[in-house]
Amino acid sequence: MHVEEGSVVAHEPMGSAYRVLTLRLPRVAAQARPGQFVHLRLAMLSDAVLRRPFSIYRVDGDCVSILYKTIGRGTAAMKSIRLGDAMNVLGPLGNGFPLPTADAIALPVLVAGGYGVAPLYFLASRLPRTGLLFAGGATNADILCVECFQALGWDVRLATDDGSLGVRGLVTAPLDAWLGEARREPEFFACGPNGMLRAVGERAVAGGWKGWLSLDRHMGCGVGACLACVQMIRKDGVETLARVCKDGPIFESREVVWEPSEP
Amino acid sequence: MTTPQLGITLAGIRMKNPVMVASGTFGYGPEYADLVDLNRLGAIVVKGISLEPWGGNRTPRLVEVSGGLVNAIGLQNPGVQGFVAKYLPFLRHFDVPVIVNIWGKTAEEYAEVAARLDGTEGIAGLEINISCPNIKAGGSAFGTNLESTARVVGAVRRRTRLPIIPKLAPNVSDIAAFARCCVENGADALSLINSYPAMVIDIESRRPVLANVTGGLSGPAIHPIAVKLVYDAARAVKVPLIAIGGITQAREAIEFMIAGASAVAVGTANFTEPLTALEVVDGITRYLGAHGLASAGELVGTVRL
């Protein structure tokens, strides 16, 4: 974990609604593992007291990329970031996904909702083997990086709410279709909205498979100090509050205690 | 020109400099130890500790607003036994005073926590949290009423020899009365201010953003409020004051000292920039040198009216 000042080396649109921001951050890049995140200080938002957390999307040499969508005043302000700008970054933070070994029996099955694909691409790029990606989104504009996964040799199955790309419906539709005829045991790695994570987690528990879920909770400090982003988890039968930023963001499906109202 | 002396002794606690980190914004020490040299801090005030472990409030617990944030964490903590077993051994490795923020649902609970920490190696003092806006019993329910303030501070005083530092609530009509009340009941120093009661509503759902409905505002937005309250308290009591509220750089810390604070604590800014407290130390040193002052103490209470 470092506080590192990095310069912007790329800031480009991805499709119509997303952008990729790339910073030169040698110290963060050297430590980063798939599933971890960086906490960006937004100097252009001078009245903001909180950093903004983003999953690491790519690490190429000294450079770290994030993939984001404009959803609030922080990400709206980020549109003004220019090449050469210096940004203050805290990271890498969080636990990251456990990396299956090359001889693991289970097939890696990634499940992404919208820009939840970001940490899964970093994961795929670091895995010694290929598997399946199920990606879902509201429309075809929310399905990202398909070609990148295919270039790595991954089998990609898609779903959109409006049917504009892949199967019409939730990402669980093609996932369930595959599970119905799967001949290999899956190990899930998922990132996306709570409803999707919960659905993947339920399938992992029901099937007796491992399912690693990347949780997104409103964060403060990012290092486990403020206790804003807590999540109830169950370990060895005991329920405790875990800090999503520090003890997570990756939790195994069996650990997560979903609230009755979620999602 | 010689280097200005930053060291102070506050309520018997020797500190290398007058810049502390505030309770609730720095965890129990290990969270920031990879980023911040803890030995360079004036003191660490750890997150509030109660007699038994406490789960805190439901989420969402935190929301950013213009110039600050509103939190309703709800004092989640591992309890006094958990703190001593899990965190104190780590903190003992450092050469920095540890001040433990304590709270309870009754005056007796506060006193019991104080008694358990009394004589425990590695604790320099106790900050008494009578001002947390986020729990129904305890916290500001005590600190906004003179009788219960007296009861809690007196009860703690009788059970510990450690320096005790009540942390005052900002939402009172006469801070001087509360400051005097604390001193009369045995306070060795005072911390002020805690976060200011606040609320944020989502205009689409028309629901409060925080699960707790209300919370406490902290950050730059409350800094001028804190300066005024420190100024008022400094004129009412002679014990040293620890000023808290919206410090992001040395300028605000210096302002607090001129208003009458002997020390300051950096809070919300730890989340923005973990190195803030160390930058404030360096900034105060530069300021003292530039203004020909030999020590931090020469600045305290020098406001010119």
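Lettering of chains follows the sequences in order, A, B, ..., and the numbering in each one begins at 1.
- With hydrogens and angles left out, the side-chain atoms of B:Arg61 and B:Gln76 include a donor and acceptor closer than 3.5 Å.
- Of the charged side-chain nitrogens involved, at least one lies within less than 4.0 Å of a carboxylate oxygen, so that B:Glu64 and A:Arg52 count as a salt-bridged pair.
- When heavy atoms are compared at a cutoff of 4.5 Å, A:Leu90 approaches chain B solely by way of its side chain, counted from C-beta outward.
- Inspection of non-hydrogen atoms places no residue of residues 57-69 of chain A under 4.5 Å from chain B.
- Between A:Arg234 and A:Glu239 there is a salt bridge, with a side-chain nitrogen of the basic residue lying less than 4.0 Å from a carboxylate oxygen of the acidic one.
- Among A:Cys229, A:Gly224, A:Cys226, the residue making the largest number of heavy-atom pairs under 4.5 Å with chain B is A:Cys226.
- Salt-bridge check for A:Lys246 with B:Glu31: failed, with every basic side-chain N at 4.0 Å or more from each acidic carboxylate O.
- For the residue pair A:Asn88 and B:Glu273, a side-chain donor N or O sits within less than 3.5 Å of a side-chain acceptor on the partner.
- Inter-residue side-chain proximity for B:Ile165 and B:Ile99 is flagged as met; some heavy-atom pair is nearer than 4.5 Å.
- Between chain B and the options A:Arg41, A:Arg243, A:Met232, heavy-atom pairs under 4.5 Å are most frequent for A:Arg41.
- For A:Met219, the part lying near chain B is the backbone, with the side chain staying farther off; criterion is any non-hydrogen pair under 4.5 Å.
- A donor-acceptor contact shorter than 3.5 Å links the side chain of B:Thr285 to the backbone of B:Val281.
- Salt bridge annotation for B:Arg40-B:Asp282: present, with a cationic side-chain nitrogen under 4.0 angstrom from a carboxylate oxygen.
- For a residue to count as touching a neighbouring chain, one of its non-hydrogen atoms must lie under 4.5 Å from one of that chain's; by this rule B:Tyr28 does not touch chain A.
- Applying a 4.5 Å heavy-atom cutoff, none of the residues of residues 76-85 of chain A approach chain B.
- In this structure, B:Phe26 and B:Tyr32 have parallel ring planes: the angle between them is below the 30° cut-off, well short of the 60° mark.
- The backbone N or O of B:Pro30 sits nowhere less than 3.5 Å from a side-chain atom of B:Tyr87 that would complete a donor-acceptor pair.
- For chain B, no part of A:His39 is nearby; none of its heavy atoms comes within less than 4.5 Å.
- The part of B:Thr59 that comes within reach of chain A is its side chain, from C-beta onward, which places non-hydrogen atoms under 4.5 angstrom from that chain.
- The closest side-chain heavy-atom distance from A:Leu93 to A:Gln36 is not below 4.5 Å.
- With chain A as the partner, the residue from B:Asn57, B:Leu69, B:Thr248, B:Asn270 showing the most heavy-atom pairs under 4.5 Å is B:Leu69.
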